Amino acid sequence: GSNITVRNITITGDRAGVQASVGRTRLINVDISGNYEEGIVISGGGAVFLRDSQVSNNGLEGIAVETGFLVVDNSDIVGNETGIDATMGQITLEEAYIVENRGAGVIGRLHTGIVANGPVTIERNGEHGVKLMLDSGLLTSGEVSINDNAWFDVACRDRESSARFEGWYPGRVWCSDFRW
């Protein structure tokens with residue numbers, strides 16, 4: 001239940017870089033790179049606010065959300081196995097740059113809500129740009145670019161998941177009920 005702020009540091013190691021649960025964690029101007037496992041793990045309803053930072057080249061997910069909240073503001077998530085992988089999470093992307101991850105850029109599973117308020121770029125990932133499963137959703141507004149991903153740019157893996165795009169037409173979308 002604590003609040004912690006970490007500034008101006010590089011975090012690397014042989015496990016997960018940052019593990020946050022229950023409380024609020026602010027990561028400002030932090031480089032989380034080269035961790036053997038995840039860059040950041042959020043669990044237990046914890047909240048992480050990532051600002052002016054980079055999460056790159058981690059062995060598994062750049063950020064794994066296992067029931068929690070994530071806000072990415074003016075930060076890069078690049079070169080991880082998966083950029084963001086969320087289960088029962090709430091994700092807000094503002095000025096996020098999620099590119100060139102080996103797998104998907106962003107995955108939402110089991111009632112995960114993803115809001116992308118531009119400018120947001122999700123491009124050149126090795127699988128889908130955004131993959132939604134098990135009643136998850138994506139809502140975009142402003143300047144959002146989800147393009148040039150290896151598979152679909154946005155994919156809903158079941159009928160309960162949905163994607164809505166305000167102000168722009170998406171690239172390759174595979175969702176039974178998407179709106180723009």
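When reading the values below, keep in mind they use all heavy atoms of this one structure, side chains included, and skip hydrogens, waters and symmetry mates. Bear in mind that the values here come from a model prediction, so they are computed numbers and not experimental data.
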Could you pull out every donor-acceptor pair under 3.5 Å between side chains of residues 4-15 and any protein atom, sequence neighbours left out?
from: N8; atom 1: OD1; to: N29; atom 2: ND2; distance (Å): 2.7
from: T12; atom 1: OG1; to: S33; atom 2: O; distance (Å): 2.7
from: T12; atom 1: OG1; to: G34; atom 2: O; distance (Å): 3.3

>> How long is the straight-line distance from CZ of F69 back to CZ of R24, given to the nearest 0.5 Å?
In response: 9.5 Å
> Which pair of non-hydrogen atoms, one from L60 and one from N80, has the smallest distance, and what is that distance?
Replying inline: O-CB, 3.8 Å
> Under 4.5 Å between side-chain heavy atoms, hopping through other hydrophobics if needed: is there a path connecting V173 to L132?
Replying inline: yes
> With a 4.5 Å heavy-atom cut-off, do V55 and L27 have their side chains touching?
Replying inline: no
> Quick one: are S53 and V72 in side-chain contact, heavy atoms under 4.5 Å?
Replying inline: no
> Where do N117 and S141 come nearest, in terms of heavy atoms and distance?
Replying inline: OD1-OG, 3.0 Å
> If every non-hydrogen atom of E127 is compared with every non-hydrogen atom of N149, which pair is closest and at what distance?
Replying inline: O-CB, 3.5 Å
>> Minimum heavy-atom separation for H111 and S136, please, with both atom names.
In response: N-OG, 3.5 Å
> Can you find a pair of side-chain heavy atoms, one from I28 and one from F49, that are under 4.5 Å apart?
Replying inline: no
> Which pair of heavy atoms, one from C156 and one from A163, lies closest together, and at what distance?
Replying inline: SG-N, 4.4 Å
> Stepwise, does the side-chain contact (heavy atoms from CB on, under 4.5 Å) test hold for T140 with V120?
Replying inline: CA-CA 9 Å; T140 70; V120 172; over 6 Å; no
> At what distance, to the nearest 0.5 angstrom, does CD of E100 lie from CG of D148?
Replying inline: 11.0 Å
> If you look at every heavy atom in N125 and V99, which pair is closest and at what distance?
Replying inline: OD1-C, 3.6 Å
> CZ of F165 to CG of L139: how many Å apart, nearest 0.5 Å?
Replying inline: 9.5 Å
>> Determine whether V78 and Q54 satisfy the following criterion, side-chain contact (heavy atoms from CB on, under 4.5 Å), listing intermediate values before the conclusion.
In response: CA-CA 8 Å; V78 180; Q54 180 169 318; 5.6 Å; no
> Any idea how H128 and W151 line up, ring-wise: parallel (<30°), tilted (30 to 60°), or perpendicular (>60°)?
Replying inline: perpendicular
>> Under 4.0 Å between a side-chain nitrogen and a carboxylate oxygen: does that hold for R51 and D73?
In response: yes
> Given I40, which of L70, V18, I77 fulfils the side chain to side chain contact (heavy atoms under 4.5 Å, CB included) condition?
Replying inline: V18
>> To the nearest 0.5 Å, what is the distance between CG on L138 and CD1 on I122?
In response: 7.0 Å
> Checking D76 side chain against S56 main chain: does a donor-acceptor pair fall under 3.5 Å?
Replying inline: no
>> Pairing donors with acceptors under 3.5 angstrom, does anything connect the side chains of N101 and T82?
In response: no
> Which residues satisfy the salt bridge (Lys or Arg N to Asp or Glu O under 4.0 Å) test with D158, sequence neighbours excluded?
Replying inline: none
> Considering only heavy atoms from C-beta outward, does the side chain of V106 approach that of I98 to under 4.5 Å?
Replying inline: yes
> How about I107 and M133: do any of their side-chain heavy atoms sit closer than 4.5 Å?
Replying inline: yes
> Counting distance only, does the side-chain N/O of N58 pair as donor-acceptor with the main-chain N or O of I32 below 3.5 Å?
Replying inline: yes
Under 3.5 Å, which donor-acceptor pairs do the side chains of residues 85-93 form with other protein atoms, sequence neighbours left out?
from: D85; atom 1: OD1; to: R109; atom 2: NE; distance (Å): 2.9
from: D85; atom 1: OD1; to: R109; atom 2: NH2; distance (Å): 3.4
from: D85; atom 1: OD2; to: R109; atom 2: NH2; distance (Å): 3.0

